[in-house]
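Notes follow the structure.
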Amino acid sequence: MSRSSKPGRYSRRHTIITLAALLAGVVAQAQAQAPSRELLNSERIAQQFGSYGVEVLENDRRTRVSNLYSGQGEAKTCRTFAVVRFPASIDPAVAAEPATILRGGSIGAVFAANGWRVLKTHLYYGEVRATPRLAALMHVAEGTPVAEHAYVLDVERDGKTVEYAALVEIHHPAYLVQTDLVRIYGTADASQRSGLLEDLQGAVARAIR
């Protein structure tokens, strides 16, 4: 009797495994077809390096300089050096978020948590040489080429779009290089925002000294 029951148990196990595999395939297909938002920089760092933190290095009403890093202690490594320029006046629609951001919150994460969609208008991709400040934060040699990304950050919710800030992000070479930026974000064009780009690059030059 025990021999005759084995094929039945095997058949049931085989059926369960087959159904599980089919279900997994359906879920994977649905996930592949579902629209997905672009990863935030904080999410991309955590995904690639296993951790994420943000340290505000400088902060005033118009400019914030921050170190987006992975690791802790001696392993703490800057993955993105970010310079943010805020407008002279903040739209009342986004009046709730700046307090959290000024306390060190990631801009994209703060807005996403409050139901805003984060949008980027890409102005420029390029490279700069690591200054002593960048080299110390990133643990790279001075003069190492590092990718630079300038963009305008808009947020959208309930049909309203607000231009919140303009940013330059300088990335660790083990994180993102210039070709990665083009692959992830597409083309960049500053032809209509040349004055803004000049202002951003001036702020960056002061911040990385």
Side-chain angles (χ1 to χ4, degrees), residues 31-49 52 54 62-70 78-88 91 93-94 97 101 106-112 115-131 134 137-138 140 143-208:
Q31 289 174 336
Q33 292 173 347
S36 59
R37 65 169 174 79
E38 183 181 280
L39 283 177
L40 302 173
N41 196 26
S42 54
E43 295 169 333
R44 198 181 299 278
I45 290 171
Q47 184 182 82
Q48 187 165 336
F49 300 101
Y52 166 79
V54 59
R62 293 294 311 277
T63 305
R64 185 177 91 158
V65 179
S66 54
N67 169 19
L68 283 62
Y69 64 87
S70 65
C78 175
R79 300 301 175 182
T80 297
F81 183 91
V83 179
V84 183
R85 289 285 284 165
F86 299 106
D91 190 299
V94 294
E97 285 76 17
I101 291 166
S106 165
I107 294 175
V110 169
F111 277 105
W116 291 89
R117 182 181 175 213
V118 178
L119 309 170
K120 296 178 181 179
T121 301
H122 305 284
L123 303 179
Y124 171 77
Y125 308 129
E127 281 188 345
V128 296
R129 299 282 176 174
T131 61
L134 290 175
L137 290 168
M138 294 184 176
V140 298
T144 298
V146 288
E148 181 181 41
H149 177 199
Y151 63 92
V152 174
L153 187 145
D154 298 330
V155 291
E156 185 272 335
R157 186 175 69 185
D158 300 329
K160 181 178 178 63
T161 301
V162 177
E163 183 178 306
Y164 181 71
L167 298 86
V168 171
E169 295 177 335
I170 299 174
H171 301 294
H172 191 290
Y175 173 41
L176 293 172
V177 297
Q178 190 172 343
T179 53
D180 293 325
L181 298 175
V182 176
R183 173 178 54 81
I184 295 168
Y185 300 118
T187 58
D189 180 11
S191 60
Q192 305 301 313
R193 312 297 292 271
S194 57
L196 174 60
L197 182 59
E198 287 178 12
D199 178 67
L200 277 171
Q201 290 177 325
V204 170
R206 293 188 293 273
I208 65 176

Taking the side chain as every heavy atom from C-beta outward, state whether Tyr124 and Leu200 have any atom pair closer than 4.5 Å.
no
Under the side chain to side chain donor-acceptor pair (under 3.5 Å) test, which residues partner Thr187, sequence neighbours left out?
none
Tell me every residue that passes side chain to side chain contact (heavy atoms under 4.5 Å, CB included) with Ser42, counting only those two or more places apart in sequence or in another chain.
Leu40, Tyr52, Ser106, Ala109
Take Leu176 and Ile184, measure what side chain to side chain contact (heavy atoms under 4.5 Å, CB included) needs, and give me the verdict at the end.
CA-CA 10 Å; Leu176 293 172; Ile184 295 168; 3.8 Å; yes
For Pro87, which residues count as a side chain to side chain contact (heavy atoms under 4.5 Å, CB included) partner, sequence neighbours excluded?
Ile90
Sorted by first residue and then second, give each salt bridge (charged side-chain N to carboxylate O under 4.0 Å, His left out) pair with at least one member in residues 144-158; sequence neighbours left out.
none
Report yes if the side chains of Arg64 and Ile101 come closer than 4.5 Å at any heavy-atom pair, otherwise no.
yes
Between Arg79 and Gln48, is any pair of side-chain heavy atoms under 4.5 Å apart?
no
Atom of Gly186, atom of Tyr125 and distance for their closest heavy-atom approach:
O-OH, 2.7 Å
I would like to know whether Val146 and Phe81 meet side chain to side chain contact (heavy atoms under 4.5 Å, CB included); could you show each step before the answer?
CA-CA 10 Å; Val146 288; Phe81 183 91; over 6 Å; no
For the residue pair His122 and Leu181, establish whether any side-chain heavy-atom pair is separated by less than 4.5 Å.
no
Which residues pass the side chain to side chain donor-acceptor pair (under 3.5 Å) test with Asp91, not counting sequence neighbours?
none
As an exercise, state the distance from CD1 of Ile107 to CG of Leu153, rounded to the nearest 0.5 Å.
6.5 Å
Contact list for residues 194-206, test side chain to side chain donor-acceptor pair (under 3.5 Å), sequence neighbours left out:
Arg85-Asp199
Salt bridge (charged side-chain N to carboxylate O under 4.0 Å, His left out) with Glu127: which residues, sequence neighbours excluded?
none
Inter- and intrachain pairs under salt bridge (charged side-chain N to carboxylate O under 4.0 Å, His left out), touching residues 170-184, at least two apart
Asp180-Arg183
Considering all heavy atoms, the nearest Val162-Ala93 contact
CG2-CB, 4.2 Å
Across all chains, not counting sequence neighbours, the side chain to side chain donor-acceptor pair (under 3.5 Å) partners of Arg193 are Glu163
Phe86 meets the ring-ring contact (aromatic ring centres under 6.0 Å, His included) criterion, sequence neighbours left out, with Tyr164
Residue pair Phe111 / Glu97: nearest heavy atoms and the distance that separates them
CE2-CG, 3.5 Å
Value rounded to 0.5 Å, distance of CG in Leu123 from NE2 in His149
8.0 Å
Between Ala147 and Gln178 the two heavy atoms that sit nearest each other are CB-N, 3.7 Å
Minimum side-chain heavy-atom gap Leu137-Tyr69 below 4.5 Å
no
Those residues that, when tested against Tyr175, pass ring-ring contact (aromatic ring centres under 6.0 Å, His included) (two or more places apart):
Phe49, His171
Check: Thr144 side chain, Ala130 main-chain N or O, donor-acceptor pair, under 3.5 Å:
no
Rounded to the nearest 0.5 Å, the CD1 atom of Ile45 sits from the OG atom of Ser70 at a distance of 7.5 Å
Who are the side chain to side chain donor-acceptor pair (under 3.5 Å) partners of Tyr151, not counting sequence neighbours?
Glu169
Straight-line distance of Ile170 CD1 to Ile208 CD1, nearest 0.5 Å
5.0 Å
For Arg117, I'd like to know if atom CZ has over 12 heavy atoms of other residues, nucleotides or ligands within 6.0 Å.
no
